[in-house]
Novice: 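This is the structure, below, for whatever I ask next.
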Amino acid sequence: MEKIKILALSGSLRKVSYNSAALAALQQMAPEHVEIVIGDIGNLPLFNPDRENESIPALEQLKSSLASASGLIIASPEYAHGISGPMKNALDWLVAGAEFPNKPIMLINTSPRASHALESLREILKTMCGLIIESACVTVPLLGSGLDQDGIVANWEISNALQTALNEFCQQISLQPRQ
Ligand SMILES: Cc1cc2nc3c(=O)[nH]c(=O)nc-3n(C[C@H](O)[C@H](O)[C@H](O)COP(=O)(O)O)c2cc1C
């Protein structure tokens, strides 16, 4: 079976981030034919359109990982009813590039009470012509759980929800016309 490569981005820079832990757990639990690469958006400079033609190593790395991925997973927190600054910054850097449009996207929401940021993130992704795979979007109750990567993997309900969403995502990716 051909390997499916997926880029995963966390919108949190916290060391003990639930969003980053969910992605690390999913990477650990991914089936043999699925490779999840966790990208880094924390080293991107603040978005400045004047710098779009500059060589920025962190941006080049992000663009190259996205270009070679068949899908993108985003797990991002809500801050003051908005999407996280680091995630918005990363998306702004990607807005004008050729890597993003039509890329299948799976969203992981780690906080059931946070709806504003998710709604706003969806709007941004649609504006950027990302292809949100609704059937693969999942909410898992991690906020306040105290679970880290190992705890998520060991929690049957949460790990099952994440794996089911990933399987659906991979299935939908395999149905997409090749770009
Ligand atoms: C400054 C700040 C603002 C926040 N604002 C909200 C909010 O508006 N709504 C919400 O549901 N949670 C809010 N939270 C909670 C975070 O979304 C929550 O702690 C989340 O787990 C952070 O993601 P992480 O664990 O991946 O770092 C806020 C947290 C901080 C630090």
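Both counts, for ligands and for their atoms, begin at 1 and track the order of listing.
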Novice: So if I count the atoms of ligand 1 from 1 in the order they appear, which ones are less than 4.0 Å from some heavy atom of L143?
Specialist: 18 (C), 19 (O), 20 (C), 21 (O)
Novice: For F169 versus I133, what's the shortest heavy-atom pair and its separation?
Specialist: CE1-CG1, 3.8 Å
Novice: Around atom 9 (N) of ligand 1, find the nearest protein heavy atom and jot down its residue, atom name and distance.
Specialist: E78 OE2, 2.7 Å
Novice: Would you compute the distance between atom CD1 of I6 and atom CG of L66 and round it to the nearest 0.5 angstrom?
Specialist: 12.5 Å
Novice: Taking CD in E54 as the centre, count heavy atoms belonging to other residues, nucleotides or ligands within less than 6.0 Å. Is the count above 12?
Specialist: yes
Novice: How far is atom 22 (C) of ligand 1 from its nearest protein heavy atom, and which residue and atom name does that atom have?
Specialist: P77 CB, 3.6 Å
Novice: Under 4.0 Å, heavy-atom basis, I'd like to know which part of R14 is in contact with ligand 1: side chain, backbone, both or neither.
Specialist: side chain
Novice: For S20, is at least one N or O under 3.5 Å away from an N or O on ligand 1?
Specialist: no
Novice: Tell me which part of N19 gets within contact of ligand 1: side chain, backbone, both or neither, using heavy atoms under 4.0 Å.
Specialist: both
Novice: With a 6.0 Å cut-off (strictly less than), is the heavy-atom count around CD of E134, excluding the residue itself, greater than 12?
Specialist: yes
Novice: Is a side-chain donor or acceptor of N89 paired with a backbone partner of P45 at a separation under 3.5 angstrom?
Specialist: yes
Novice: Determine, using the 4.5 Å side-chain heavy-atom cutoff (strictly less than), whether M128 and L121 are members of one ILVMFWY cluster.
Specialist: yes
Novice: How about E168 and Q172: does a side-chain donor come under 3.5 Å of a side-chain acceptor?
Specialist: yes
Novice: Ligand 1 and A80, any nitrogen or oxygen pair closer than 3.5 angstrom?
Specialist: yes
Novice: Indicate whether the side chain of E60 and that of S64 have a donor and an acceptor atom separated by less than 3.5 Å.
Specialist: no
Novice: Counting heavy atoms only, which of R113, H81, K15 comes nearest to atom 8 (O) of ligand 1?
Specialist: H81
Novice: Under 4.0 Å from a heavy atom of A114: which atoms of ligand 1 are those, numbered in the order shown and with their elements?
Specialist: 11 (O)
Novice: Under 4.0 Å from a heavy atom of S12: give me the atoms of ligand 1 that qualify, with their elements.
Specialist: 24 (P), 26 (O), 27 (O)
Novice: Below 4.0 angstrom from a heavy atom of S17, which ligand 1 atoms are there? Numbered from 1 as shown, please.
Specialist: 24 (P), 25 (O), 26 (O), 27 (O)
Novice: Please list the nearest protein heavy atom to atom 30 (C) of ligand 1 with its residue and the distance rounded to 0.1 Å.
Specialist: Y79 CD2, 3.6 Å
